[in-house]
Protein chains: 2
Amino acid sequence: VTENAGTQETLAVEAANVEFYAAFESADLDRMALAWDDDPVTCVHPGWSALRGRSHVLRSWAVIMANTVYIQFFLTDVQTTVDGDVAVVTCTENILTGDDDDGGVGLESARVMATNVFRRRAAGWRLFVHHGSPVLAAGPAPDEDLAG
Amino acid sequence: VTENAGTQETLAVEAANVEFYAAFESADLDRMALAWDDDPVTCVHPGWSALRGRSHVLRSWAVIMANTVYIQFFLTDVQTTVDGDVAVVTCTENILTGDDDDGGVGLESARVMATNVFRRRAAGWRLFVHHGSPVLAAGPAPDEDLAG
C-alpha cells in the first residue's frame, strides 16, 4: 500500500461521509438507504437512545426527514482513520435548520459531534454506526479548561 | 477463523471495554492511560466537543476523576463487532454517581449512549475513539414512536 493509495482510501471514505449528509439534506430516503450497510447497524440521533437494525434506523430517518423543512451541514474538524476494511470518521456537524412554525422559515444553528463508522464493501464504503451527540451550551468548555 | 475464535475475540474486546469503565470507577489514571491506544485518539464526553490526542484526552480524565466522588457503571445493550484489527462496541451506560455537595453523599442516576472503537495491538485491544452522549429526557422516545 503506497502513501497515495492511503490518501485515495481516505478520500473515498470522506466522500461516503459527505454522501450520508447529502442524503439527509436532500431528504432522499432511497439515497439514505444506500449509505447504510447491511445489519447489524446502529444509529444514535442527538439526545436519543440507540436504534438497532436497518429497518428501525431507516424508519427514524423517514420520520426525521418528514419533520425537517430545511437542513444544511457544514462539517469541520473531520478526522478519518482507515484500518483494513473499517474506517472511522469523527467530525463536528455545524447545522443550519429551518422550521416553519410561524408560517415563515426561521433559521437556527446547532452543533453536533459525530462518530461515523464505515465498512468497505464491493460497491464502496457503507455506514454501520452513526452516533451524533449534542454539544450542550451549559456543559463544560474543555478546550478552555484543559488547554495549555 | 473458527466460530469459537470469533467468540474469544468478542470476549476479549468486551473485557477491554469493561476495563475502560473499571479504570474510571477506580479513578486510576495509570489504568485509564493503559486502556487508550497511541495517537490519534478522540474522546467525546457527554455534551462536550471532541478532544483530540492522548495528552488532551487523559488530562480530561484526570479532571473528571478529580471531580467525581463516586461512580458506577452498569452496561446494557452491548453490541460488539470485530473486523480485522478494529472492534466497535456500542452500549448503554447506566450510571450511578455520588456527589457530596451537601456534606453527605447523594446518589444520582443517568443514562449515556456510548460508542467505543478499539484497535488490536500486540498487548491487547486499545481504545482509540470513545463517544458518550446524554440521553435527554426532553427528547423524542424513538422506541415508542417507531416500534411496531
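Reminder, nothing fancy here: chain letters follow the sequence lines and each chain counts from 1.
- A distance of 8.0 Å separates CG of Asp77(B) from OG1 of Thr42(A), quoted to the nearest 0.5 Å.
- Tracing side-chain contacts under 4.5 Å through hydrophobic residues (I, L, V, M, F, W, Y), one reaches Leu58(B) starting from Phe118(B); they form part of the same cluster.
- Considering only heavy atoms from C-beta on, Ser133(B) stays 4.5 Å or farther from Pro46(A) through its side chain.
- For Thr81(B), the part lying under 4.5 angstrom from a heavy atom of chain A is the side chain only.
- In terms of heavy atoms, Asp83(A) sits closest to Phe128(B) at OD1-CZ, 4.5 Å.
- Going from atom CG of Leu136(B) over to atom NE2 of His45(A) covers 14.0 Å, rounded to the nearest 0.5 Å.
- Not counting sequence neighbours, the partners of Thr80(B) by the side chain to side chain donor-acceptor pair (under 3.5 Å) test are Glu14(B).
- Summarising the geometry of Pro40(A) relative to Gln79(B), their closest heavy-atom pair is CB-NE2, 3.3 Å, with the distance given to 0.1 Å.
- Using a 4.5 Å cut-off between heavy atoms, Ala114(A) touches chain B through its backbone atoms (N, CA, C, O) alone.
- The candidate with the highest count of non-hydrogen atom pairs below 4.5 Å against chain A, out of Arg52(B), Arg119(B), Met113(B), is Arg52(B).
- You'll find the side chain of Ser49(A) reaches within 4.5 Å of the side chain of Arg111(B), heavy atoms only.
- Residues Leu34(B) and Val57(B) do not share a hydrophobic cluster, clusters being chains of Ile/Leu/Val/Met/Phe/Trp/Tyr side chains in contact below 4.5 Å.
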